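Quick notes on the structure that follows.
So you know, we letter chains A, B, ... as the sequences are listed, proteins then strands, and number each from 1. Computation of the quantities below employed the complete heavy-atom set of this structure, encompassing side-chain atoms and omitting hydrogens, waters and symmetry-equivalent molecules. The structure presented is a predicted model; accordingly, all values stated were derived computationally and were not measured.
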Amino acid sequence: MKIVSRFQPPPKTGATAEFEYEGASITAPQGISLAAALLAHSGAYTRQTAGGDARAAFCMMGVCFECLVEVDGLPNTQACMTEVRQGMVVRRQIGLRRLNGCNDS
Amino acid sequence: MSAAITAADGGLRVLLLDEQAQPGGQIYRNVGARLATHSWLGKDYASGLRLLDALAQSGVTVQSGATVWRVDSGPRVVWSQNGISQVTTASHILLASGAQERPVPFPGWTLPGVMTAGAAQILMKTAGMLPKDAVLAGSGPLLYLVAAQMIDAGCPPKALVETQTPRMMLRAFPHLPKALLSAGTLLKGLRLIGKIRAAGVRRYKGASSFAATSDDSGMINFSFRSKGRLENLTCAVLLTHQGVILSTHMSRAAGITHEWNAAQVAFQPSCDIWGATDRPGLHVAGDGAGIGGAEAACAAGTLAALDILRASGHISANTRNQRAATARATLFRTRAIRPFLDAAYAPPAEILSPPDQTIICRCEDVTARAIRQGMSEGAAGHRQIKSSLRAGMGPCQGRMCDSTVRGILSAGNTSRMGDIAPPRARTPIKPITFGEMAALTTHSEDTA
């Protein structure tokens, strides 16, 4: 079941950025954090713990690490500390971050 | 910011490393963007613009999006920006690590849809986003402020669920005469409460036994007890708050001695009135040195900068003392209200030491039951709990569970919490990639 956003959408003014999240295309105001854009898109979880527990952004200030997602192949990225960028590819982080498959060299 | 401005005015070369994308910290976060939606946030927030303007004119080098992940004696800092780390040495370093909201653990606090009140305020400040159909729960000045800001934005909370009890108010009462020295702040608080009343927001007082569950549609069902009755509220967002605690990862990792602040139920770095610590070249200021709010943080920053100017030979001790008079008066006035606030909005025992089924360490899914089991098997301190259960070993490095682990170890008894030594904070205090660390080593060898 699709879970609607728990927030009113951000005001539509100024430039926007378009990015991909779990296969969907999302348009968000430039300058807002990825975590804010994801919260505006849906009220669903954005990561799963190693035990399979569903989590989403919690503190929005870089303290709690609940907003961890995979950005352009790099896992363990704090969505609340990352600004939305045109063309970024974002995926949920499922379980523990893995050492293989990341593209940060 | 105020320290950087004072130091630069005094003739020092200043580098400001700020983890956020724009200067302003959390209180004045994103104030420089001058969003139309900022009118909801009030005059105090807008006053941050003055500080931003002064910073822009000060000649301070500002590096935003710069995460400090190591502080050494020497002193020197290692910091990361856009995936590249570098080392900067200086004769003096001022740590202004700020504060975070005290974790409010209860069964269901990890569900998507449960967030902190501060998080909702950050969304208002940075993205103009307002929570739909929200319940605010907990206690403390920020809870009232966020409620009032939501009312001004035309999106009032559905209800305010307050853990404050008449007994807490009674304990706070003896501190009231001193708090009158900060009458302005008291009046502001009364005005906020007045606004919430006038808006007709439903208030539940003396609330306890928080629990949240969620259904298929993602809605949160929030249950609690108030005045002996079990209450149930359904909401899209549950925003909790139970005051703020100092962020001490940086100061602890730097090896500064910390002391227990019983009134604020938190450890803080030991320092003199100028913010000088027991580590040579390291000062602390702001909420990261002791919770006092934005005005107190500005004053403490000025005092630390004046002391650094004295220590670096730019001004004499006499000049420092004379120039410190205004800032010291501000600090005295703004701190006068703290004992009252600390007593009136003290965290309840069940938040400090929550029921068994509550997840305490969100990173590693460790429950209160597991921690109590660990204690029955002999664990008596943070280190044993961490090494046997992994609580505090995830990416947040204990920021979300240290205070609760301490609460459980002392069975919610605040008078015993100070006896438990604070856990060690180790470098890197924020996660960075191995690649970044490896690149740093090469860089250091090149320059050696």
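- Contacts between residues 25-34 of chain B and chain A, counted as heavy-atom pairs separated by less than 4.5 Å, involve B:Q26, B:R29.
- Near-neighbour residues of residues 48-56 of chain A relative to chain B, defined by a heavy atom under 4.5 Å from a heavy atom of that chain, comprise A:T49, A:G51, A:D53, A:A54, A:R55, A:A56.
- For chain A, the nearby parts of B:L130 are the backbone and the side chain; heavy atoms of each come within less than 4.5 Å.
- Residue contact with chain A, scored on non-hydrogen atoms closer than 4.5 Å, involves the backbone and the side chain of B:T110 alike.
- Contact annotation for B:L35: neither backbone nor side-chain heavy atoms come within less than 4.5 Å of a heavy atom of chain A.
- How far CD1 of B:I371 is from SG of B:C401: 7.0 Å, rounded to the nearest 0.5 Å.
- Looking at B:M400, only its side chain comes within 4.5 Å of chain A, counting heavy atoms on both sides.
- Checked against the 6.0 Å centroid threshold, B:F210 and B:W109 do not count as a close aromatic pair.
- In this structure, chain B has heavy atoms under 4.5 Å from both the backbone and the side chain of A:L39.
- Between the side chain of B:Q397 and the backbone N or O of B:P428 there is at least one donor-acceptor pair closer than 3.5 Å.
- Listed options B:R362, B:Q100, B:M115 were ranked by heavy-atom pairs under 4.5 angstrom with chain A; first place goes to B:R362.
- When B:A127, B:G65, B:C235 are compared by the number of non-hydrogen pairs under 4.5 Å with chain A, B:A127 comes out ahead.
- No cation-pi contact links A:R91 to A:Y21, judged by a cut-off of 6.0 Å to the six-membered ring centre and 45° from its axis.
- With respect to B:R390 and B:D365, no salt bridge is recorded, no charged nitrogen being found less than 4.0 Å from a carboxylate O.
- Interface remark: A:M61 contributes backbone and side-chain atoms alike to the contact with chain B (heavy atom separation under 4.5 Å).
- Between A:E70 and A:R92, no side-chain nitrogen of the basic residue sits less than 4.0 Å from a carboxylate oxygen of the acidic one, so the salt-bridge criterion is not met.
- Between B:K430 and B:E19 there is a salt bridge, since at least one side-chain N of the basic residue sits less than 4.0 Å from a carboxylate O of the acidic one.
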